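A, B, ... follow the sequence lines: proteins, then strands. Residue 1 opens every chain. What you see is a predicted model; the values in this text were computed from it and never measured.
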There are 2 protein chains.
Amino acid sequence: MANATIRDVAREAAVSVASVSRVLNGHSNVRPETRRKIEDVAARLGYFPHAGARNLSTSRAHAIGVVLPDLHGEFFSEALRGMDRAASERGLHLLLSNLHDGERAVEMLHTMRGRVDGLVIMAPHIDPDRLLAGLPPSIPSILVNCATSRDDCPTLRVDNFGGAAAMVRHLVSRGRRGIVHVSGPTSNVEARARIDGYEAAMVEAGLTPRVLIGDFMEEAGAAAAAEILRAPDGVDAIFAANDMMAIGALIALRDAGVAIPDQIAVAGFDDIPLARLISPSLTTMRVDIADIGARAIARLADAIAGTPDHRLELSTPELMIRDTTKTSPRQSGEKQGKAR
Amino acid sequence: MANATIRDVAREAAVSVASVSRVLNGHSNVRPETRRKIEDVAARLGYFPHAGARNLSTSRAHAIGVVLPDLHGEFFSEALRGMDRAASERGLHLLLSNLHDGERAVEMLHTMRGRVDGLVIMAPHIDPDRLLAGLPPSIPSILVNCATSRDDCPTLRVDNFGGAAAMVRHLVSRGRRGIVHVSGPTSNVEARARIDGYEAAMVEAGLTPRVLIGDFMEEAGAAAAAEILRAPDGVDAIFAANDMMAIGALIALRDAGVAIPDQIAVAGFDDIPLARLISPSLTTMRVDIADIGARAIARLADAIAGTPDHRLELSTPELMIRDTTKTSPRQSGEKQGKAR
DNA sequence: CTGTTAGCGCGTTCAT
DNA sequence: ATGAACGCGCTAACAG
């Protein structure tokens with residue numbers, strides 16, 4: 001039993017489809033009597049308008065496409081949460097699409113044409129120029145944390161460079177000098193910016209940078225910690241490029257009986273919910289990613305409404321000082337703790 | 001500059017729209033020469049088919065709607081992750097819709113008609129009968145963790161009753177007798193089932209159930225712990241209806257200097273990633289929610305493909321014994337610890 | 001192999 | 001206030 005159409009309602013109510021359409025969209029120019037009759041029939045038939053057809057007719061989909069690398073970790077979940085909130089406030093749906101490789105990416109993007117009114121692209125790991133190249137220019141888009149040379153597309157970005165530098169300065173102010181950075185994959189723009197910020201601040205403080213390359217996953221943090229423990233070499237702080245790696249390092253250090261932060265301080269980046277809950281609680285750079293998601297939707301909605309906006313908006317992370325960096329390091333002469 | 005349509009391509013290539021449509025959809029009955037010409041023109045015009053129009057024509061949206069209460073917490077994020085994985089494997093998009101109140105819920109559902117091929121409804125807090133009532137019957141749906149009296153709709157459910165009972169038995173086997181349950185809101189089916197399972201197992205063990213009503217949020221766990229500390233009353237275990245509340249209780253107890261698990265054991269439900277990372281690590285019932293999400297999509301895809309399936313599938317949570325319930329309780333005569 | 005034509009379900013002029 | 005007719009962009013019979 002197929003669903004009723006507007007035509008069924010019109011026939012049953014002995015009116016034209018135009019009238020039915022009018023009452024459906026709340027137009028005023030309908031006689032109350034006619035309106036009632038149509039509403040009755042619609043209710044009786046269990047009729048509901050077909051959103052797809054409506055989209056085609058009005059060329060408005062009331063949906064915006066969201067392109068994410070994957071949903072792993074709390075970071076992207078949080079972003080999605082913010083977008084969802086902003087979207088439902090505006091009566092918009094979210095059409096999800098995960099971008100794994102770069103190849104199917106363009107194809108996926110095209111699959112969205114005609115089904116969304118705009119696109120939020122959040123792909124720090126994919127060359128966005130290649131992405132945008134194949135994109136229909138007529139569809140409003142906003143780039144979030146993407147590396148792009150084009151300045152004709154609205155962009156939202158986190159000040160990763162400044163954030164990383166701020167964290168280094170915080171550690172230095174606490175008396176740390178052997179600060180190692182555990183980075184994200186170098187193919188990721190955000191990871192690169194954090195490396196750059198770290199290195200700049202280290203040099204500025206007259207210290208020698210040392211970067212261990214990771215991949216944003218917990219295990220990479222643990223591996224980095226293990227490597228450092230193998231040859232401590234005066235390391236008194238680990239600054240990971242995200243919280244998950246920081247937590248991996250934290251747990252590895254804890255299990256090895258290292259005193260945190262006395263012996264080695266630990267710091268992360270993002271401030272995912274976990275950072276506050278783990279113990280000792282993790283010092284990190286707060287990135288209000290839910291808010292960034294919400295602002296992306298807000299700007300896109302404006303763009304769709306005809307207020308195009310080609311600015312670059314920069315969001316500055318905030319330093320959250322917690323337990324893992326609270327004290328100054330022990331004197332290097334002191335013997336290693338034998339906790340647990 | 002509006003986007004090119006199939007007609008533009010046809011005109012430019014001096015063929016009919018039918019031929020263009022054929023090459024677009026990879027039909028074989030097209031002369032290679034014609035095919036090449038069409039492909040050239042399409043590329044030159046930057047033409048991409050309009051998914052919306054295609055949906056209308058084929059009455060297949062290649063998208064499935066996902067209805068969630070909200071994205072708060074790791075639980076629903078995980079579910080979404082599983083669905084997304086299963087969906088992209090099948091070339092399906094996910095159309096998100098958050099159900100806050102029950103009123104706009106039905107309306108939201110109808111907004112999806114004509115834009116999705118199926119619906120995953122995950123709403124333990126809303127009366128699904130009311131939800132389904134207004135729903136077009138022609139659209140395949142699957143209920144996940146919903147309370148429903150209808151058995152004509154495929155359902156996926158976690159064995160919350162059995163899981164809660166299993167946890168109680170575990171605690172009892174560890175010598176705990178004063179086991180308090182911190183529940184979710186009683187309007188939530190899952191919360192109710194967990195209460196029932198807890199109570200049944202307590203009675204079975206000859207113990208007196210005691211339930212503190214919470215709301216699945218961290219703060220409720222902390223509040224429950226505070227209340228218990230005010231009048232310990234022989235309580236030697238707190239079993240929270242989800243991990244977030246268990247963690248709230250855990251931290252509150254820790255801050256109050258209570259020895260965990262020596263004095264009071266703590267257990268949760270769900271096994272969110274945090275449960276393993278917190279310390280002491282949390283004993284909990286593992287619900288593979290990502291897998292449940294994936295299976296929901298899989299079953300829906302089958303139903304859409306014409307293999308309708310009205311079974312009720314039950315997923316059994318698995319007991320994860322971790323640090324918070326490792327030991328037996330101290331003798332009650334022993335004096336309260338004065339840790340920290 | 002290719003073109004013509006009729007829908008898909010709805011919004012929207014333009015008449016009346 | 002109402003109805004007839006066209007268009008949105010594409011697919012799928014049906015002819016040729």
Notebook entry, point to check: Is it true that atom CZ of A/Arg90 has more than 12 heavy atoms of other residues, nucleotides or ligands lying nearer than 6.0 Å?
Noted result: yes
Notebook entry, point to check: Using 4.0 Å as the upper bound for N to carboxylate O, is an ion pair formed by B/Asp302 and B/Arg299?
Noted result: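 B/Asp302 and B/Arg299: not salt-bridged.
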Checklist line | Salt bridge B/Glu313-B/Arg295, side-chain N to carboxylate O under 4.0 Å | finding: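 B/Arg295 and B/Glu313: salt-bridged.
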Margin query: Nearest 0.5 angstrom please: B/Asp40 CG to B/Leu45 CG, how far?
Written below: 11.5 Å
Of the nucleotides [options], which one has an atom closest to the side chain of [X]?
| X | options | answer |
| --- | --- | --- |
| A/Pro49 | C/dT5, C/dC10, D/dG9 | C/dC10 |
| B/Arg54 | C/dG9, D/dA1, D/dT11 | D/dT11 |
| A/Ser16 | C/dG11, D/dA1, D/dG3 | D/dG3 |
| A/Ala53 | C/dT2, C/dT5, C/dC10 | C/dC10 |
| B/Asn29 | C/dG11, C/dT5, C/dC1 | C/dC1 |
| A/Leu24 | C/dG9, C/dG11, D/dT11 | C/dG11 |
| A/Asn25 | D/dT2, C/dG11, C/dG9 | C/dG11 |
| A/Val30 | D/dG3, D/dT2, C/dG9 | D/dT2 |
| B/Arg31 | D/dG9, C/dC1, C/dT5 | C/dC1 |

Next item on the list: Report which part of the nucleic acid A/Thr58 touches: base, sugar-phosphate, or nothing (heavy-atom distance under 4.0 Å, all strands).
Entry: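 Sugar-phosphate, no base atom in range.
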Margin query: Closer than 3.5 angstrom, by distance alone: can the side chain of B/Asn25 be matched with the main-chain N or O of B/His27 as a donor-acceptor pair?
Written below: no
Item checked: Test item: B/Asn160 side-chain N/O and B/Val158 main-chain N/O as donor-acceptor pair under 3.5 Å -> yes
Check: Which sits closer to the 5' end of DNA chain D, A/Pro32 or B/Ala51, going by the nucleotide each is nearest to?
Finding: A/Pro32
Margin query: Using heavy-atom distances to pick each residue's nearest nucleotide on DNA chain D, tell me which of A/Ala14 and B/Val17 is more 5'.
Written below: A/Ala14
Note to self: Counting distance alone, no hydrogens or angles: does the base of D/dG3 have a donor or acceptor under 3.5 Å from a partner atom on the side chain of A/Arg22?
What the structure shows: yes
Margin query: For a quick check, tell me whether the side chain of A/Ser19 and the base of D/dG3 share a donor-acceptor pair closer than 3.5 Å.
Written below: no
Check: Just to confirm, is there a sub-4.0 Å distance from OP1 or OP2 of D/dT11 to any side-chain nitrogen or oxygen of B/Ser21?
Finding: yes
Notebook entry, point to check: Taking OP1 and OP2 of C/dT2, is either one under 4.0 Å from a side-chain nitrogen or oxygen of B/Thr34?
Noted result: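 So the side-chain polar atoms of B/Thr34 do come within 4.0 Å of the phosphate oxygens OP1 or OP2 of C/dT2, strictly under.
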Next item on the list: By nearest nucleotide on DNA chain C, pick out whichever of A/Arg7 and A/Val20 is the more 5' one.
Entry: A/Arg7
Checklist line | Stepwise side-chain contact (heavy atoms from CB on, under 4.5 Å) check, B/Ile64 with B/Met112 | finding: CA-CA 9 Å; B/Ile64 83 111; B/Met112 286 195 160; over 6 Å; no
Which whole-number value in Å describes the distance from [X] [atom1] to [N] [atom2]?
| X | N | atom1 | atom2 | answer |
| --- | --- | --- | --- | --- |
| B/Ile6 | D/dC10 | CD1 | C1' | 6 Å |
| B/Asp8 | D/dC10 | CG | C1' | 13 Å |
| B/His27 | C/dG3 | NE2 | P | 16 Å |
| B/Ile38 | C/dG3 | CD1 | P | 8 Å |
| A/His50 | C/dC8 | NE2 | P | 11 Å |
| A/Glu33 | D/dT2 | CD | C1' | 13 Å |
| A/Asn55 | C/dG11 | CG | C1' | 12 Å |
| B/Arg11 | C/dT2 | CZ | C1' | 19 Å |

Margin query: Against A/Glu78, only a single residue in A/Ile289, A/Ile292, A/Asp291, A/Asp288 fulfils side chain to side chain contact (heavy atoms under 4.5 Å, CB included); can you say which?
Written below: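 With A/Glu78 as partner, side chain to side chain contact (heavy atoms under 4.5 Å, CB included) holds for just one option, A/Ile289.
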Next item on the list: Specify the angle, to 10°, made by the local axes at the two ends of the helix from C/dC1-D/dG16 to C/dT16-D/dA1 when five pairs are taken at each end.
Entry: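 Axis angle across the helix from C/dC1-D/dG16 to C/dT16-D/dA1, nearest 10°: 40°.
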Checklist line | Residue pairs involving residues 59-68 of chain A (criterion side-chain hydrogen bond (donor to acceptor under 3.5 Å, both in side chains); sequence neighbours excluded) | finding: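 Output for this query lists A/Arg60-A/Asp117.
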